[in-house]
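Index from 1, following the sequence.
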Amino acid sequence: MFEYLMPGLIMREPDGSVLGDTSRLIVRRQIKYGAERNLPWGVSESAFNARDRELTYQYSSFGCLTSACGADWVRRR
């Protein structure tokens with residue numbers, strides 16, 4: 001979710017812009033996703049904390065799959 005909302009912190013979002021509309025849409029979708037599963041909404045991937053044997057940070061995406069950038073990614077999940 002952070003990736004969707006970050007641009008609005010540093011760029012102007014004119015009314016009706018794709019940037020502004022996407023920000024509002026993603027927040028609504030996250031709230032709905034959480035309510036459907038009785039989970040908190042807006043969970044960030046940064047909440048994942050794992051390391052491999054060399055202590056390298058391991059990234060794992062999770063959360064609202066329908067907000068992923070591309071339907072193909074959701075299907076592969």
Practice prompt. Tell me, please, which residues at least two apart from Leu25 pass side-chain contact (heavy atoms from CB on, under 4.5 Å).
Written response: Arg28
Worksheet item: Applying side chain to side chain donor-acceptor pair (under 3.5 Å), which residue pairs with at least one partner in residues 8-21 are found, sequence neighbours left out?
Response: Asp21-Arg24
Worksheet item: Got a sec, which residues hit side-chain contact (heavy atoms from CB on, under 4.5 Å) with Arg53, two or more places apart in sequence or on another chain?
Response: none
Discussion item. Does the structure place the NZ or CZ of Arg37 under 6.0 Å from the centre of the six-membered ring of Tyr33, at an angle of no more than 45° from the ring's axis?
Written reply: yes
